[in-house]
Amino acid sequence: MSSFEQRNAHFDRLFATRNLFWLGQNTNHLPMHPAVRKALIESIEAEEFHAYAPPGGFTALAHAIVEDLGLPQDTTTAVVTDGAVAALATACRAYCEPQTNFVTTDPGWKWPMQFARQAGAQVREVPIYDAAVGYRLTPEKLNESIDQKTRIIYLVDPNNPLGICYTRDEIIAFCNSARKVGACLLHDCTYRDFADDHVLAARFYPEGAITIYSFSKWLGLAGLRIGAVVAGRTMIERLAAYSTATLGSSVVAQRAAQAGLAIKKQWMADVQRIQRRNQAAIKKQVDAIPGLLIPVYPSQGNFVIIECAALGLQPEALAAVFANRGIMIRQGSYHTPRFGSRFVKVSTAVPTEWIDAFCQQLPEAIEAARGLNEIPELF
Ligand SMILES: Cc1ncc(COP(=O)(O)O)c(C=O)c1O
């Protein structure tokens with residue numbers, strides 16, 4: 001089997017596992033809101049999906065996304081995409097080329113680095129897995145890493161996997177740095193709704209910030225594949241030309257997204273209460289096991305990382321043991337070859353029973369992981 005086929009077979013097996021506890025991809029598995037269910041069913045029953053949606057998405061949805069972000073409607077446009085990942089690919093294709101560079105953090109999210117390289121750009125990763133810098137990018141480190149050839153500064157905020165969120169002052173400093181060298185600030189806000197206080201770069205750098213929006217994590221539509229790229233009118237002209245959704249994104253997904261935005265306030269209050277409760281349950285259990293540590297708590301995303309290196313434990317071994325028990329968690333190496341041997345990541349926008357099962361099994365799983373000789377390949 002080719003390595004692509006192996007990777008595909010891995011995720012196919014996960015999908016086929018009955019009652020799998022999905023704690024590995026930060027997807028939201030809480031039962032959907034009745035208004036979202038109604039929108040999905042109505043769209044399917046009306047068989048709206050026979051037609052292509054507009055290339056930038058339904059206007060009402062695009063406006064609702066801009067409104068949700070609190071950005072000015074008269075100068076901002078949202079283009080609906082097949083998830084945030086397609087929005088990120090579009091931005092990289094539009095702005096990266098040979099002789100340019102793309103600057104991001106390590107750890108961060110790996111696929112945009114691949115898109116940037118494919119477009120010919122050099123990728124520069126700034127290491128931030130360090131308690132001394134608060135596990136965050138500092139304006140000084142950013143300034144050392146950028147130059148006139150920097151096309152994109154890719155900021156995952158809140159950071160996946162670390163769970164930190166940047167302050168207003170930090171965002172302003174990053175915007176000033178980007179403006180100075182004429183780079184885009186690609187602000188990946190996939191997890192912003194789980195943060196206590198998230199600040200959009202687009203507020204301070206409207207001419208150069210690109211906001212990446214996802215419906216996968218807050219609303220739980222990961223499998224429907226819907227997100228957006230949001231920017232000022234001039235940038236959108238360029239971005240839209242590189243979008244692969246020339247025939248529009250899923251009609252059914254867009255109806256669900258719009259229904260979700262209409263009930264967002266109430267929905268997110270419930271989601272946030274549950275996922276922070278889940279974070280607290282994990283923290284309590286981790287604190288009771290010497291050698292384990294949660295470096296960032298509470299996480300501003302819907303996940304936490306657990307350091308297990310002090311136990312002499314390979315994250316892959318722990319992930320493999322949990323996989324055998326029907327619980328998917330993520331090994332750190334998915335995010336970062338450099339720091340991946342330190343931690344596993346557990347997602348928290350899930351039913352409380354899933355987290356309680358994880359916590360209850362953790363001590364035993366650690367013992368089992370210690371004795372594991374052969375670790376299957378994980379992705
Ligand atoms: C930082 C980050 N950006 C984007 C995505 C992808 O989001 P979507 O499902 O909307 O494509 C993920 C998914 O894990 C992510 O962690």
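If you're wondering where the values come from, they're calculated on a predicted model, not measured in any experiment. Atoms within each ligand, like the ligands themselves, are counted from 1 in listed order.
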Side-chain ion pair, D130 and K141, N-O less than 4.0 Å: no
For F4, which fellow cluster members are found when Ile, Leu, Val, Met, Phe, Trp and Tyr are connected by side-chain heavy-atom distances below 4.5 angstrom, either directly or through intermediates? none
Can you give me a line-by-line list of nitrogen or oxygen pairs between ligand 1 and the protein shorter than 3.5 Å?
residue  : atom   : partner : partner atom : Å
ligand 1 : 3 (N)  : D188    : OD1          : 3.4
ligand 1 : 3 (N)  : D188    : OD2          : 2.7
ligand 1 : 3 (N)  : T190    : OG1          : 3.3
ligand 1 : 9 (O)  : S216    : OG           : 2.6
ligand 1 : 9 (O)  : R225    : NH1          : 3.1
ligand 1 : 10 (O) : A84     : N            : 2.7
ligand 1 : 10 (O) : S214    : OG           : 2.7
ligand 1 : 10 (O) : S216    : OG           : 3.2
ligand 1 : 11 (O) : A84     : N            : 3.0
ligand 1 : 11 (O) : V85     : N            : 3.0
ligand 1 : 11 (O) : R225    : NH2          : 2.7
ligand 1 : 14 (O) : Y191    : OH           : 3.3
ligand 1 : 14 (O) : K217    : NZ           : 2.8
ligand 1 : 16 (O) : W109    : NE1          : 3.4
ligand 1 : 16 (O) : N160    : ND2          : 2.7
ligand 1 : 16 (O) : Y191    : OH           : 2.7

Is the F358-F21 ring centre distance short of 6.0 angstrom? no
Is any side-chain N of the basic residue among R136 and D157 closer than 4.0 Å to the acidic one's carboxylate O? no
What residues form a side-chain contact (heavy atoms from CB on, under 4.5 Å) with A240, not counting sequence neighbours? none
Pair listing, ring-ring contact (aromatic ring centres under 6.0 Å, His included) test, anchored in residues 138-157, at least two apart: F102-Y154
